[in-house]
Amino acid sequence: MGSEEFQTARGTRDVLSPETWQFEAMRRLALRWAVRYGYELIETPIFEKSPVFLRVGASTDIVQHERYQFVDAGGDDLTLRPEGTAAVARAYVQHGLASAVQPVKLCYYGPMFRRERPQAGRFRQHTQFGVELFGSRSPLADAEVMLLGCRIVDAAGLRNPEIRVNSLGCDRCRPQYRRALVDFFTARREELCQDCQTRLEQNPLRLLDCKVDVAVRQEAPDLENYWCDDCRAHITTVIEIVAASGQIIRRDRHLVRGLDYYTRTVFEVGHPGLGDQVALFGGGRYDGLTANLGGESVPSVGFGMGIERLLSALPTALPTLVPDRAYVAHLPGFERQAYLWALKLRDEGIAVDADMLERSLKAQLKEAGRRARLALIVGGTEWSQGNVAVRDLTQGSQDVVALEEVVEYMKTRLQEGEL
RNA sequence: GUGGAUGUAGCUCAGUUGGUUAGAGCACCAGGUUGUGGCCCUGGGGGUCGGGGGUUCAAGUCCCCUCAUUCACCCCA
């Protein structure tokens, strides 16, 4: 097991083969769909100057308590990114993408860091795929990002995902609702749990999704009755478009989200197998974000998707990208010839292994049987006649092939992979 | 940050009311077959019993602390 101090840090883990290939396949799947929907790929650093995140989520748990923040040797105050949106918005402003052709549709894929207590589907380092659509205030934009997310989930093998959606209103209507909410809960303060009493002061909207005070919250005023005409029209249209596409969507009047930059639309897609609390992906609209980062105000929508969660929820593994392998075994005295053949076959595009432990033919074939589909056996009478024995390790059959035909023979017998 | 459960070989786990050198299956290596894997047989390597302290003639086993894992809460992907 090894010494404790030399193990992965809490909430992090190694991913070994074959699981690594599942991650790789997932990444390709997500990017493939994003490209179909017209997105460009962006990569931002995994750490940013701390103010980038502080500015965007000052009141949220993930930047208040869960930050991996450090001061480097030069005195810079830096933070490992806890989410993708702030960083991508920062890049949008920094590179003047506001003057590019709108809308600007970007997607990203990479690790995120939050110092949380690990548990099922929750890690201190996890991988997110996300998209951000800048420059459109149309309900079509909201619908499009939701639908893209659902396509990826569905294509990965989780059929018929269900979107839960809500509108938090805008600068005009949300303050009124907020006041009504505070009034309502203040009057019934004694009935609230400890957490909710503090939420009442810090983030009243959060009272809506408390799992303890379900009875009280049922009676709380509904956002729907406070939406202004524009907000009402917006969320209504979003739901109509998504539904018209055949995608399941329903409003959840208790859905609010943790990042406080959201305006109007917020949404989540969960999965029963993961427990109802955790979302596969979630996001919303954040019309004021770029303004907070020193740019002009640009309407935008996006989501973040938890890759570890999605992979662990899949009923069956993703198709593998790994090609069939071959193994070049040898009789005593033919190590060098065998190795040269392995090199030649690799140059021909075939995945090939060869013995590096000076093992017996028996041991070589044993290893080959575990990791390869075909084994070449170099040496002996076949070799002296200009041939080589090729053994099919799944069937147990064996052919003698002329050396000049080996490459072609192998290519037709082995299934190619994407890697 | 709060609460519960669990830590014995690479993996999955036995280990009787505390009692000799801590076991099995799988995996790994070698031999049986000096030109052929998968089955079978034989042998082998591999463990500070998570760590520290305590009780005891004696601790994997009992007690305390600690660390890790895990589940739930908080929050979130």
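In what follows, chains carry the letters A, B, and so on, assigned in the order in which the sequence lines appear, proteins first and then strands, with residues in each chain numbered from 1.
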- Query: When you measure from every atom of RNA chain B, which of residues 13-40 of chain A have a heavy atom less than 4.0 Å away?
  - Reply: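 Residues of residues 13-40 of chain A under 4.0 Å from RNA chain B: none.
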Check every strand shown and say whether [X] touches a base, only sugar-phosphate, or nothing at a heavy-atom separation below 4.0 Å.
X: Phe123(A); value: base
X: Arg114(A); value: base
X: Gly11(A); value: sugar-phosphate

Check the distance between [N]'s [atom2] and [X]'s [atom1] and give it to me in whole angstrom.
X: Phe303(A); N: rA77(B); atom1: CZ; atom2: P; value: 12 Å
X: Arg371(A); N: rA27(B); atom1: CZ; atom2: P; value: 17 Å
X: Phe267(A); N: rA77(B); atom1: CZ; atom2: P; value: 11 Å
X: Arg124(A); N: rA68(B); atom1: CZ; atom2: C1'; value: 12 Å
X: Arg10(A); N: rG7(B); atom1: CZ; atom2: P; value: 18 Å
X: Glu116(A); N: rU2(B); atom1: CD; atom2: C1'; value: 15 Å
X: Glu83(A); N: rC75(B); atom1: CD; atom2: P; value: 18 Å
X: Gln119(A); N: rG1(B); atom1: CD; atom2: P; value: 15 Å

Would you say that more than 12 heavy atoms from the other residues, nucleotides or ligands in this model lie under 6.0 Å from the [atom1] of [X], or not?
X: Tyr39(A); atom1: OH; value: yes
X: Gln415(A); atom1: CD; value: no
X: Arg336(A); atom1: CZ; value: no
X: Trp383(A); atom1: CH2; value: yes

- Query: Sequence neighbours excluded, which residues qualify as ring pair (Phe, Tyr, Trp, His ring centres under 6.0 Å) partners of Tyr226(A)?
  - Reply: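 Ring pair (Phe, Tyr, Trp, His ring centres under 6.0 Å) check on Tyr226(A) returns Tyr177(A).
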Taking the [atom1] atom of each, how far is [N] from [M], in whole Å?
N: rA27(B); M: rG46(B); atom1: C1'; answer: 12 Å
N: rG3(B); M: rG50(B); atom1: C1'; answer: 22 Å
N: rU48(B); M: rC73(B); atom1: C1'; answer: 37 Å
N: rG23(B); M: rC49(B); atom1: C1'; answer: 12 Å
N: rG35(B); M: rG44(B); atom1: P; answer: 27 Å
N: rC11(B); M: rG18(B); atom1: P; answer: 29 Å
N: rC63(B); M: rU16(B); atom1: P; answer: 14 Å
N: rA5(B); M: rG43(B); atom1: C1'; answer: 41 Å

- Against the side chain of Arg359(A), the closest entry in rC71(B), rG31(B), rC29(B) is rC29(B)
For [X], all residues meeting side-chain contact (heavy atoms from CB on, under 4.5 Å), sequence neighbours excluded:
X: Pro45(A); answer: Glu48(A), Arg90(A)
X: Ile248(A); answer: Asn160(A), Glu162(A)
X: Pro323(A); answer: Ala351(A)

Counterpart residues, side-chain hydrogen bond (donor to acceptor under 3.5 Å, both in side chains), relative to [X] (two or more places apart):
X: Gln247(A); result: none
X: Arg67(A); result: Gln69(A)
X: Tyr409(A); result: Asp399(A), Arg413(A)
X: His234(A); result: Asp142(A)

- Item | Strand RNA chain B as a dot-bracket string - pairs counted if Watson-Crick or G-U with both distances under 3.5 Å, | where the partner lies in another strand | (((((((..((((.....[...)))).(((((.......))))).....(((((..]....))))))))))))....
- Summarise how protein sits on nucleotides 35-43 of chain B as a single string, 5' to 3': B when a protein heavy atom is under 4.0 Å from the base, S for sugar-phosphate-only contact, - for no contact. BBBB-----
- rU2(B) base / Arg117(A) side chain donor-acceptor hit below 3.5 Å: yes
- Under 5.5 Å between ring centres and under 30° between planes: true for His65(A) and the base of rG1(B)?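 According to the criterion (under 5.5 Å, under 30°), no, His65(A) does not stack.
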- Message: Nearest heavy atom decides the nucleotide; on that basis, is Arg115(A) or Tyr262(A) closer to the 5' end of RNA chain B?
- Response: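 Residue closer to the 5' terminus by nearest nucleotide: Arg115(A).
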Check: residues 107-114 of chain A side-chain donor-acceptor pairs under 3.5 Å, at least two apart:
| residue | atom | partner | partner atom | Å |
| --- | --- | --- | --- | --- |
| Arg114(A) | NE | Pro82(A) | O | 2.7 |
| Arg114(A) | NH2 | Pro82(A) | O | 2.9 |

